[in-house]
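These notes concern the structure reproduced below.
Values below: every heavy atom of this structure, side chains too, minus hydrogens, waters and symmetry copies. The first residue of the sequence shown is numbered 1, and numbering continues consecutively from there.
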Amino acid sequence: MRKDVTKEVQDLTYLKWSHIRGSSGTAGTFLKARSVIGEKKKYYKLSNFDPEYGVIGHECINEIIVDRLLTILGVEHLEYELIHADIRVDGRRFRTWLCSSEDFKSQGESKAALDDYYRVNANPGEDHYEFCVRNGWKRTVDQMIAVDYLILNRDRHGGNIEILSNSRLHELRMAPMFDHGLSLLCSCMSEDEAERFDVMEDRRCNNYIGSKSCFENLQRISDAGDVFSSGLKDADRELLFYGLDGTLSDIYFQKIWEMLSKRYKVYEDLRDHK
C-alpha cells in the first residue's frame, strides 16, 4: 500500500491560505493553499476551520478513507496524502491534519467545471445525466452516483466534477473523482453525535447529477450492472483505517464501516435484482 499518511509533524507555516466559503447547503469555512516547486504543483486543504478554535472538522480524514475505498472498488480518483502539520492562519499557529494532492491534469490539458461545460454544450431539454451519457461518460457517472450513495456525499455540485480537454489531441474526458470530504460522518462533531448517527438515512444532498436523494440516484443506475471493478469485503476494513489511529476516535471508524458495509449491501441488492 502506498504511503498516504505522514504522522511526523511537518512545518507548513509558510503556506498562504485562502478562505473558501462552504458550497450551497454546507456550513463552515474551508481553506486551501498551494506550493510550486519547479513545474510540480501541490495543493493543500484543511477541514472545516473556525477563526477562534482552529480546525474543528475532520473532512481531510474522510478524503483519505474515501481515497482508499475507491482504490478497493477500482474507481479512478485523485490520490490524497494526510499530513500532520503546523500551519499559520491570520497570524495564529495551529497543529492539525490536512490533505495534499497533486495536479491530475496531463500536459496540454485544460479543465472546465461540468456545470459550465453543460451550459455551453447541452442539447435542449437534455438533463445532466443524459448529457454525460451522450458524451461517453456513462460508466464514470454511474460509478460516481454509486460512490456518493455509499459515502453519503453531501456536496457533489457541478464544480466538483470536471471535464478535461486536450485540443491538440482532440481528446475529452471526465477528470478522476475528487473532493469527498463532505461525506461519511462529516456533520458529527462529537462521539455522542457519531454514535447516534443513522447511517442509512437518505439525507438531502447537493447532487448536480440526479436528484437531491443519493438513494433515488442509485436506483436510476440499477440497470447498469456492476459499476465497480472489485467489491467491498469485510477484510477491507483494516485497509480503510490502517494508520489512522489518533486522527479520530474508534467510534467514528466503527460507524463509518457500518455505513459503508450496510450501504454497499443495498447497492449489491439493487445490482443483483436489476
Side-chain angles (χ1 to χ4, degrees), residues 1-7 26-28 30 45-48 50 53-75 77 79-84 95-99 143-156 177 179-205 213-215 218 228 230-271:
M1 185 177 73
R2 66 184 174 86
K3 186 178 184 299
D4 58 5
V5 179
T6 299
K7 288 191 171 183
T26 67
F30 298 90
K45 62 180 178 179
L46 299 181
S47 298
N48 197 356
D50 181 273
Y53 299 105
V55 177
I56 58 174
H58 44 87
E59 289 82 3
C60 287
I61 300 165
N62 291 349
E63 291 283 15
I64 294 299
I65 294 172
V66 178
D67 178 339
R68 294 173 175 182
L69 174 67
L70 297 184
T71 298
I72 290 168
L73 298 176
V75 175
H77 63 283
E79 294 182 345
Y80 290 95
E81 181 184 358
L82 186 66
I83 304 173
H84 203 194
R95 180 164 292 180
T96 186
W97 293 95
L98 56 84
C99 274
Q143 287 179 332
M144 183 182 301
I145 288 172
V147 167
D148 286 348
Y149 171 76
L150 296 181
I151 67 175
L152 190 58
N153 190 350
R154 319 294 204 278
D155 201 31
R156 184 71 72 187
M177 290 177 62
D179 208 344
H180 309 98
L182 288 166
S183 65
L184 303 174
L185 271 62
C186 67
S187 61
C188 299
M189 295 293 108
S190 69
E191 292 184 353
D192 286 342
E193 287 182 295
E195 285 186 319
R196 294 194 304 267
F197 189 84
D198 182 356
V199 299
M200 298 305 294
E201 182 180 348
D202 189 30
R203 298 180 177 225
R204 185 176 176 85
C205 297
S213 163
C214 288
F215 181 65
L218 184 68
F228 301 130
S230 302
L232 183 67
K233 306 177 293 296
D234 289 343
D236 293 322
R237 175 175 179 166
E238 182 178 358
L239 176 60
L240 284 174
F241 306 126
Y242 178 80
L244 295 181
D245 50 295
T247 63
L248 281 175
S249 74
D250 288 342
I251 290 174
Y252 280 87
F253 296 134
Q254 291 167 7
K255 205 70 173 182
I256 289 171
W257 177 252
E258 180 186 348
M259 169 185 280
L260 295 177
S261 58
K262 287 185 174 180
R263 286 176 167 256
Y264 186 78
K265 181 64 168 59
V266 172
Y267 162 76
E268 278 190 318
D269 288 343
L270 282 175
R271 177 199 68 193

Using side-chain heavy atoms (C-beta onward) and a distance below 4.5 Å, is Arg156 in contact with Ile145? no
Please answer whether the main-chain N or O of Phe197 pairs with a side-chain N or O of Lys255 as donor and acceptor at a distance below 3.5 Å. yes
Nearest heavy atoms of Cys99 and Leu82, plus distance in Å: SG-CD1, 4.4 Å
Between Arg263 and Met200, is any pair of side-chain heavy atoms under 4.5 Å apart? yes
Could you state the interatomic distance from CG (Leu182) to CZ (Phe30), rounded to the nearest 0.5 Å? 4.5 Å
Tell me, please, which residues at least two apart from Glu238 pass salt bridge (charged side-chain N to carboxylate O under 4.0 Å, His left out). none
Any Asp4 side-chain heavy atom under 4.5 Å of Tyr80 side chain: no
To the closest 0.5 Å, what do you measure between CG (Asn153) and CD1 (Ile151)? 4.5 Å
Step by step, work out the side-chain contact (heavy atoms from CB on, under 4.5 Å) result for Leu69 and Ile65. CA-CA 6 Å; Leu69 174 67; Ile65 294 172; 5.6 Å; no
Note, Ser47 side chain near Trp97 side chain (heavy atom, < 4.5 Å): no
Would Asp179 and Glu63 count as a side-chain contact (heavy atoms from CB on, under 4.5 Å) here? Give the steps. CA-CA 7 Å; Asp179 208 344; Glu63 291 283 15; 3.6 Å; yes
Could you tell me if His180 and Asn62 have a donor-acceptor pair between their side chains, going purely by distance under 3.5 Å? no
Within the structure provided, determine whether Met259 and Leu185 are in side-chain contact (heavy-atom separation under 4.5 Å). yes
Over all heavy atoms of both residues, which pair between Trp257 and Asp234 is shortest? Give the atoms and the distance, please. CZ2-CA, 3.9 Å
Using a 4.5 Å cut-off on heavy atoms from C-beta on, say whether the side chain of Asp67 contacts that of Glu79. yes
Within-4.5 Å side-chain heavy-atom neighbours: Phe253 and Leu240: no
Distance, nearest 0.5 Å, that separates CG of Leu70 from CD of Gln143: 9.0 Å
Are Val266 and Phe215 side-chain neighbours, meaning at least one heavy-atom pair lies under 4.5 Å? yes
Taking atom CZ of Arg204 as the centre, does the number of heavy atoms from other residues, nucleotides or ligands within less than 6.0 Å exceed 12? no
Among side-chain atoms of Lys233 and Ser230, is any donor-acceptor pair under 3.5 angstrom? no
Where do Tyr53 and Ile56 come nearest, in terms of heavy atoms and distance? CB-CG2, 4.0 Å
Going by an N to O cut-off under 4.0 Å, is there a salt bridge joining Glu268 and Lys265? no
Show your working on side-chain hydrogen bond (donor to acceptor under 3.5 Å, both in side chains) between Glu193 and Ser187 and close with a plain yes or no. CA-CA 8 Å; Glu193 287 182 295; Ser187 61; over 6 Å; no
Gap separating the CG atom of Leu232 from the OH atom of Tyr267, nearest 0.5 angstrom: 11.0 Å
Which distance, rounded to the nearest 0.5 Å, do you find between the CD of Glu81 and the NZ of Lys3? 6.0 Å
Nearest heavy atoms of Met189 and Cys186, plus distance in Å: CE-O, 3.3 Å
Between Leu218 and Tyr149, the two heavy atoms sitting closest are CD2-CD2, 3.5 Å
Audit row: Leu260, Asp236, side-chain contact (heavy atoms from CB on, under 4.5 Å) steps and yes/no: CA-CA 11 Å; Leu260 295 177; Asp236 293 322; over 6 Å; no
Is the NZ atom of Lys7 crowded by more than 12 outside heavy atoms at less than 6.0 Å? yes
If I take atom OG1 from residue Thr96 and atom CG from residue Leu46, how far apart are they, to the nearest 0.5 angstrom? 6.5 Å
Between His58 and Thr247, do the side chains contain an N or O donor and an N or O acceptor separated by less than 3.5 Å? no
Show the numbers, then the answer: is there a side-chain contact (heavy atoms from CB on, under 4.5 Å) between Arg68 and His77? CA-CA 10 Å; Arg68 294 173 175 182; His77 63 283; over 6 Å; no
